[in-house]
Amino acid sequence: MPPRVLTNADLEKMLDTTDEWIMQRVGIRERHIADPGVATSDLGKEVAVAAIERAGLKPDDIDVIIVGTVTPDMMFPSTACLIQHKIGAHHAWGFDISAACSAFTYSLTTASQLVATGAYEHALVVGADVMSSILDYTDRSTCVLFGDGAGAVVVSAAADGDGAILDFEHEIDGSGGSALFMPGGGSLHPPSHETIDKRLHYVKQEGRAVFKFAVRKTEEIARRLLDRNGITPADLDLFVSHQANRRIIAAASENLELDPAKVVINIERFGNTTAATIPLALNDAVCSGRLKKGDLVLLASVGAGFTVGAVLLRWGF
Ligand code: ACO
């Protein structure tokens, strides 16, 4: 996380909002915000170095780098290229995945498939976003929700068979494109005085539509993946969902009849960091001893697009 913290009390001074409203409706108390000049690849570099070290590897051991982000440093080159250079992963190739809040589940699945074919031994997956770079801090309905952050994992061919990506399920539903998007800056609305005057370079959202879709789809995709593998929610050791809203996670996990002790929620401290929420939550679970080698874990995400993802895995570290 970048060190600077933006609390709800800080936001109360900037906008017509309250700590009470944000806590009740979303469950966020504070979020971290990158300083000007700090880009997604800077946050990504930090977590990439830490993850590679924790895996007992060197940057040159990494074969492929996949970065999930909606806030790349620039349109091109990809943030994967920038991180590859910054960490000195001289033998890696890589690319970015644009799937908003599902970017981590999509990137993890892609990496695991590249390793599972035997083509590669070690893949680095980074989920990183500097959401503050695309937020309108005059729009109280969106800016209070997000924070900046990064997380990373290394996916390796398992030597002992203990850890594994067991199965995955992904969907997109482009009919939801207008519920959550950033209209400006691409080929449809290239940057101009007009796009800036119309504030098109910021996140736009229909909160209620996203909320309903997220609750329904998180449960649906989780159930489909578990059923296919003959696993019940009670068999899971940990459920790590994308952190968009405490109420979304609570409703989906209640519908799945999951024991709350098995549900990781850390949105209070970080807000929605888009591609980074799941690896940040995994890191919290590892550091607090909630996630141990051999645990059966379900990841789930819903994001702009709409994108929907779930990954079932046995933690191998
Ligand atoms: N502070 C105070 N009041 C606010 C704020 C705020 N920050 N934001 C909105 N309000 C007001 C609205 O203006 C509205 O006032 P009105 O009734 O006078 O018109 C009132 O609060 C209710 O607004 P709603 O939008 O209906 O509130 P809702 O209960 O739906 O909560 C929220 C809004 C938190 C955005 C919710 O819809 C949500 O979490 N949606 C999911 C969005 C999301 O997480 N997106 C992230 C990316 S996608 C993903 O990760 C799944």
Side-chain angles (χ1 to χ4, degrees), residues 6-31 68-71 98-106 127-132 134-149 151 170-182 202-222 240-253 255 264-268 270-281 299-310:
L6 182 69
T7 64
N8 291 349
D10 297 328
L11 286 168
E12 282 177 354
K13 292 176 201 143
M14 298 158 58
L15 293 156
D16 179 15
T17 191
T18 60
D19 174 56
E20 192 191 3
W21 191 96
I22 302 170
M23 279 302 289
Q24 271 180 9
R25 301 283 180 128
V26 207
I28 301 171
R29 192 172 300 284
E30 59 187 36
R31 65 291 288 145
T69 187
V70 282
T71 51
S98 171
C101 299
S102 294
F104 186 77
T105 54
Y106 283 27
D129 271 300
V130 177
M131 293 305 292
S132 59
I134 57 168
L135 291 175
D136 181 349
Y137 282 97
T138 65
D139 176 7
R140 66 179 183 172
S141 68
T142 53
C143 74
V144 303
L145 305 174
F146 297 92
D148 301 338
H170 298 292
E171 282 178 30
I172 56 172
D173 178 358
S175 70
S178 58
L180 181 52
F181 67 123
M182 189 185 92
Y202 295 125
V203 172
K204 313 283 176 197
Q205 170 172 258
E206 275 178 50
R208 280 193 187 179
V210 177
F211 187 96
K212 281 188 198 156
F213 185 85
V215 172
R216 180 167 61 84
K217 278 296 180 178
T218 304
E219 181 196 354
E220 195 184 299
I221 201 154
V240 183
S241 169
H242 168 56
Q243 311 277 312
N245 185 319
R246 176 182 277 276
R247 290 187 299 137
I248 294 176
I249 304 169
S253 49
N255 294 345
V264 180
I265 302 185
N266 67 358
I267 190 170
E268 183 169 340
F270 300 143
N272 180 350
T273 53
T274 304
T277 62
I278 292 178
L280 281 169
L299 313 181
S301 62
V302 174
F306 289 119
T307 55
V308 187

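Please read these numbers as outputs of a predicted model, since none were measured by experiment. Counting starts at 1 for both ligands and their atoms, in listed order.
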For this session: For atom 33 (C) of ligand 1, find the nearest protein heavy atom and state the residue, atom name and distance (0.1 Å precision).
Result: W21 CH2, 3.9 Å
Problem set entry | atom 43 (C) of ligand 1 within contact range, any protein heavy atom under 4.0 Å | yes
Problem set entry | Heavy atom of the protein closest to atom 34 (C) of ligand 1 (residue, atom name, distance) | V26 CG2, 3.7 Å
Seminar exercise, completed: A student checking ligand 1 against R247 at a 4.0 Å heavy-atom cut-off should list atoms 29 (O), 31 (O)
Exercise. Taking both backbone and side-chain atoms of T18, is any N or O found less than 3.5 Å from an N or O belonging to ligand 1?
Worked result: no
Exercise. Would atom 17 (O) of ligand 1 count as contacted, meaning some protein heavy atom under 4.0 Å?
Worked result: no
Exercise. Would you call F213 a ligand 1 contact, heavy-atom distance under 4.0 Å?
Worked result: no
Problem set entry | Protein heavy atom at shortest distance from atom 48 (S) of ligand 1 | L180 CD2, 3.2 Å
Problem set entry | atom 11 (C) of ligand 1 [closest protein heavy-atom partner, distance rounded to 0.1 Å] | R140 NH2, 3.6 Å
For this session: Tell me which part of V144 gets within contact of ligand 1: side chain, backbone, both or neither, using heavy atoms under 4.0 Å.
Result: side chain
For this session: State whether the side chain of S102 and the backbone N or O of T105 hold a donor-acceptor pair below 3.5 Å, judged by distance alone.
Result: no
Problem set entry | Top protein contact for atom 30 (O) of ligand 1, by heavy-atom distance | R208 CG, 3.3 Å
For this session: Would you check if F104 and V240 make a side-chain contact, meaning some heavy-atom pair closer than 4.5 Å?
Result: no
Problem set entry | Donor + acceptor pair across side chains of T273, D129 (<3.5 Å) | no
For this session: Could you tell me whether atom 7 (N) of ligand 1 has a protein heavy atom closer than 4.0 Å?
Result: yes
Problem set entry | CD1 (I172) with more than 12 external heavy atoms under 6.0 Å | no
Exercise. For A100 and G303, which heavy atoms make the closest approach, and how far apart are they?
Worked result: CB-C, 4.5 Å
For this session: Anything under 30° is parallel, anything over 60° is perpendicular, the rest tilted; go ahead and classify F213 against F306.
Result: parallel
Seminar exercise, completed: closest protein heavy atom to atom 27 (O) of ligand 1 is R25 NH1, 3.2 Å
Exercise. Tell me, do I22 and T17 make a side-chain contact under 4.5 Å, heavy atoms counted?
Worked result: yes
Exercise. Between D19 and R29, is a salt bridge (charged side-chain N to carboxylate O under 4.0 Å, His left out) present by the stated rule, with each step listed?
Worked result: CA-CA 7 Å; D19 174 56; R29 192 172 300 284; 3.7 Å; yes
Problem set entry | Residue from N272, L180, V302, T307 passing side-chain contact (heavy atoms from CB on, under 4.5 Å) with C101 | N272
Problem set entry | Flag side-chain contact, heavy atom, 4.5 Å: I265 against Q243 | yes
Problem set entry | Top protein contact for atom 41 (C) of ligand 1, by heavy-atom distance | G207 O, 3.6 Å
Exercise. Backbone, side chain, both or neither: what part of L15 comes under 4.0 angstrom of ligand 1, heavy atoms only?
Worked result: neither
Exercise. Picking from R31, E30, E20, what satisfies side-chain hydrogen bond (donor to acceptor under 3.5 Å, both in side chains) with N8?
Worked result: R31
Exercise. Under 3.5 Å between some N or O of ligand 1 and some N or O of C101?
Worked result: no
For this session: Could you check if a side-chain atom of R246 sits within less than 4.5 angstrom of a side-chain atom of M23, using non-hydrogen atoms only?
Result: no
Problem set entry | Atoms in ligand 1 with a heavy atom of N245 nearer than 4.0 Å | 34 (C), 38 (C), 39 (O)
For this session: Determine whether any heavy atom of A304 lies closer than 4.0 Å to an atom of ligand 1.
Result: no
Exercise. Can you tell me the protein heavy atom closest to atom 46 (C) of ligand 1 and the distance?
Worked result: N272 ND2, 3.3 Å
